[in-house]
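Okay, structure first, notes after.
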Amino acid sequence: MNCIRYLLLSICLVLVLSACSSDAPDGVIRMGLTTAPTNLDPRFATDAVSSRINRLIYRRLVEFDATGMPVPSIASWTQVTPTHYRFTLQDQGRSYHHKKQLFAEDVKATFDSILDPATGSPHRSTVEVIQRIATQGNSQVDFYLKHPDSLFPGYLSIGILPADLIMQGHPFSTKPVGSGPFSFHSWPQEGVLRLTRIRDNRQFEFLPVPDPSVRILKLLRGEIDMLQNDLPPELLSYLAGKTGVSIQQRPGNNFSYLGFNLQDRFTSQPDIRRAIAHGIDREAIIRHFLKDGAKPAQALLPPHHWAGAKGLKPYRFDQQLARELLQQAGFSRQSPLRLVYKTSTDPFRVRLATLIQSQLSQIGIEMEVNSHDWGTFYSDVKAGRFQLYSLAWVGVKTPDIFRYVFHSASVPPGGANRGRYSSKVVDSIIDQAESSADFTHKALHYQQLQKQLLADLPYIPLWYEDHIFVSRDTITGYNLAADGNYDGLAQVQLNNQ
Amino acid sequence: MRHKLFASILLLWLLVSVFGPLLPLTPDQIDLPNILAGPGIEHLLGNDELGRPVLDRLIMGAQTSFLVAIWVVAISAVCGTMLGAFAAYSGGIMDLLLVRIIDVFLAFPGILLAIALAGVMGPGIDNVIIALSIVGWVGYARLARAQVLSLKHRDHISAAIALGQGRIPIVRKHLLPLIAAPLIIEATFGVAGIVIAEAGLSFLGLGVQPPAASWGSMIRDGARYMLVAPHLVLAPGACIMLVVLSINLLGDNLRDRLDVRIG
């Protein structure tokens with residue numbers, strides 16, 4: 001009887017261990033993601049992962065260079081009049097995955113679909129400036145605008161869908177068809193997406209692994225070949241000591257900030273905002289907390305952006321000055337300022353909030369940290385139910401973000417001015433910058449605007465987080481992008497099979 | 001010998017919870033250069049992900065667990081027993097109503113309901129106590145009701161009714177003392193359950209708010225660093241295990257002692 005038991009136990013053990021085997025040499029390159037993509041239709045995708053994967057499946061009219069300037073992707077353009085842009089499709093990258101050619105009619109159909117209120121595209125407001133679209137033959141598209149907007153080409157970085165499938169109501173969100181370097185293979189199970197690289201038929205699998213420790217263990221065991229971002233800095237140090245793993249790191253553009261409610265009776269006072277800015281030791285946070293994995297920020301756009309401001313003077317860490325400013329605002333150790341800092345339950349954000357809470361306690365601010373689930377937190381932030389909060393702007397490319405975030409007419413739901421910031425000076429600079437046709441003048445206006453914002457402090461700029469890419473040594477040829485996209489997968493190679 | 005060991009663990013938990021705040025501890029003192037430092041002479045259990053001493057936070061976490069457990073068990077036991085005993089004694093529509101309410105509560109997983117309640121009310125230790133109490137009274141009510149139903153037709157109750165005693169004195173003087181033993185045992189196991197539930201809610205971010213410490217939140221915060229600093233999870237994990245194990249084993253022992261069939 002005991003022999004049978006041991007035999008059964010051994011069989012179970014063998015089965016379990018074989019199920020745990022690593023290193024599946026099937027030629028598939030696997031990438032670990034924090035979350036699964038949610039929507040593979042570029043008209044609807046808004047989350048970072050979906051947008052990055054959509055870039056692999058679809059091609060766009062316009063790309064951005066390192067300074068954020070729009071450059072041709074599959075189309076070049078000329079400005080015929082201030083309200084008329086002519087885009088000419090180039091010969092490369094015009095084959096759809098369903099064996100049809102990408103024509104001007106597809107471009108028109110894509111943007112007409114986004115502009116159609118019945119579609120319900122969240123990107124409609126981005127291209128709302130388009131009055132009508134006309135095609136000239138197979139390769140020429142004319143965009144007529146409602147009013148002049150020299151940033152317009154930058155708004156056309158949305159993937160182009162085939163017109164025939166749009167007409168048929170094809171479910172692009174789950175069965176995408178584009179003309180990009182990757183075609184859709186399958187979505188065999190919840191979250192696990194498979195794409196095929198067209199040039200060599202190599203398959204890529206994207207697996208959601210939310211926990212960073214598990215993601216790293218899977219990488220070390222060979223269950224995934226690479227991962228990008230969302231790693232605690234301490235785990236990066238751990239990985240650096242491992243053999244068979246290589247790490248790439250480069251400065252990024254994702255802007256972390258501390259937001260204020262400008263209608264709150266405390267945080268609406270400039271002295272209090274300045275005191276908080278002087279009370280946060282960003283250098284220490286970047287050095288110890290982020291392990292030098294970020295660069296200090298003074299404005300929403302990084303200095304190397306064409307509209308970025310160089311030489312902005314940071315708020316230096318000065319606890320004495322911060323205490324004096326609080327005193328001017330009527331607070332002291334006996335009657336301390338009490339604030340509530342809202343954040344999500346994301347461990348990194350909670351940790352950051354606790355650190356800022358501790359630093360501000362040293363200047364006499366008693367801060368209560370309230371962490372809420374993402375839905376509650378985000379709805380509170382949009383509704384203005386906060387005094388302070390921290391978030392990050394991800395993937396910002398064009399300076400029209402300033403109207404969206406800081407113009408007094410952009411209070412949610414009409415925009416993202418969540419702090420209810422209202423400044424006639426800033427509104428006027430935004431208007432001037434937008435009406436300026438010349439990019440040099442436009443850049444000057446935006447630089448002046450960022451200087452004004454740093455003085456007013458509706459946000460305290462914190463830092464731009466670096467991008468990190470970790471792969472097994474069998475992976476070569478990946479170029480880490482400044483905006484953290486996955487375009488490098490088009491060149492990546494799997495060696496040593 | 002074994003029981004002495006478990007009793008000592010519980011005594012230590014009690015002492016640390018009560019006298020912990022009097023000790024010169026710095027559980028919230030952030031020390032950035034010492035982030036994730038391992039155990040050493042200066043800090044016996046090392047430092048956490050913000051450089052705070054793990055031992056100091058463990059002691060403050062013990063207090064959180066203790067307070068939540070005591071409050072929740074007290075509120076749940078008092079409310080549940082009262083409701084169950086009076087409903088059973090009164091009978092009729094009141095009893096039927098209570099049974100239906102208990103059925104509704106039992107049909108829903110308790111911890112899930114507590115998570116939902118804590119989520120609706122917002123994070124915070126006071127809301128955790130309320131949420132766990134709302135879920136916790138049901139067990140006591142059911143037990144008290146069952147016990148009273150079996151006792152209410154006894155002769156001494158009939159005698160008390162014949163002597164003109166009111167409903168409240170009868171329940172208080174003649175029924176509660178007789179049903180106390182099973183309720184105490186239920187409360188003992190309840191403490192263990194609440195320690196785990198509080199840790200679970202804090203693990204989900206619905207319990208204590210930063211910088212306060214609880215064992216559950218320490219595990220949540222430390223779980224991300226299991227590969228580089230396992231002591232962040234092992235220390236509070238071991239505390240929860242020891243406390244819950246001790247309560248359960250001593251509860252078992254207490255049940256055996258109070259059980260007339262075994263005695």
Side-chain angles (χ1 to χ4, degrees), chain A residues 210-217 219-220 230-242 281 283-291 340-362 366-377 380 385, chain B residues 26-38 46-53 57 60 115-128 200-214 216-233:
Chain A
D211 187 86
S213 300
V214 179
R215 216 155 51 241
I216 285 176
L217 287 173
L219 182 90
L220 295 174
D230 298 306
L231 285 180
E234 293 80 6
L235 293 188
L236 205 61
S237 314
Y238 167 80
L239 276 172
K242 294 281 171 191
D281 187 356
E283 274 183 30
I285 296 176
I286 290 173
R287 190 167 59 248
H288 297 293
F289 180 77
L290 299 170
K291 307 280 181 210
V340 175
Y341 180 129
K342 281 196 178 174
T343 185
S344 67
T345 47
D346 174 65
F348 174 80
R349 293 276 156 207
V350 175
R351 199 177 160 207
L352 175 64
T354 313
L355 181 49
I356 290 176
Q357 177 192 46
S358 163
Q359 291 191 342
L360 294 184
S361 73
Q362 291 167 28
E366 287 184 9
M367 188 173 275
E368 183 187 329
V369 175
N370 278 355
S371 63
H372 299 269
D373 66 279
W374 173 254
T376 310
F377 168 64
D380 279 2
R385 289 191 293 268
Chain B
T26 55
D28 304 331
Q29 182 76 49
I30 287 176
D31 182 8
L32 290 177
N34 275 323
I35 282 178
L36 300 185
N47 298 69
D48 73 359
E49 72 282 0
L50 285 170
R52 298 169 295 192
R57 294 186 66 73
M60 297 317 289
I115 289 169
L117 287 167
V120 169
M121 292 186 292
I125 210 69
D126 43 355
N127 288 341
V128 165
L201 290 177
S202 291
F203 183 84
L204 296 172
L206 296 167
V208 293
Q209 290 296 288
S214 95
S217 67
M218 287 174 76
I219 292 176
R220 179 196 62 193
D221 297 339
R224 284 167 70 86
Y225 308 99
M226 272 290 281
L227 292 174
V228 284
H231 62 280
L232 298 189
V233 172

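Values below: all heavy atoms of this structure, side chains included; hydrogens, waters and symmetry mates excluded.
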Top contributor to chain A interface from B:P211, B:G51, B:A223 [non-hydrogen pairs under 4.5 Å]: B:P211
Nearest atoms (heavy-atom pairs only) where B:L227 meets A:S213: CD1-O, 3.9 Å
Test side-chain contact (heavy atoms from CB on, under 4.5 Å) applied to A:L217 and B:M226, step by step: CA-CA 11 Å; A:L217 287 173; B:M226 272 290 281; over 6 Å; no
Interatomic spacing from CG in B:L50 to NE2 in A:H288 - rounded to 0.5 Å: 12.5 Å
Interface moiety of A:N370 toward chain B, non-hydrogen atoms closer than 4.5 Å: both
Heavy-atom pair of closest approach, residues A:T354 and B:I30: O-CD1, 3.7 Å
Interchain contact, B:L32 with chain A, by part (heavy-atom threshold 4.5 Å): both
Region of A:E234 that comes under 4.5 Å of a non-hydrogen atom in chain B: both
More than 12 heavy atoms from other groups under 6.0 Å of CD on A:E283: no
A:R351 vs B:I35, side-chain contact (heavy atoms from CB on, under 4.5 Å): CA-CA, chis, key distance, verdict: CA-CA 12 Å; A:R351 199 177 160 207; B:I35 282 178; 3.9 Å; yes
Check: B:R224 side chain, A:P347 main-chain N or O, donor-acceptor pair, under 3.5 Å: no
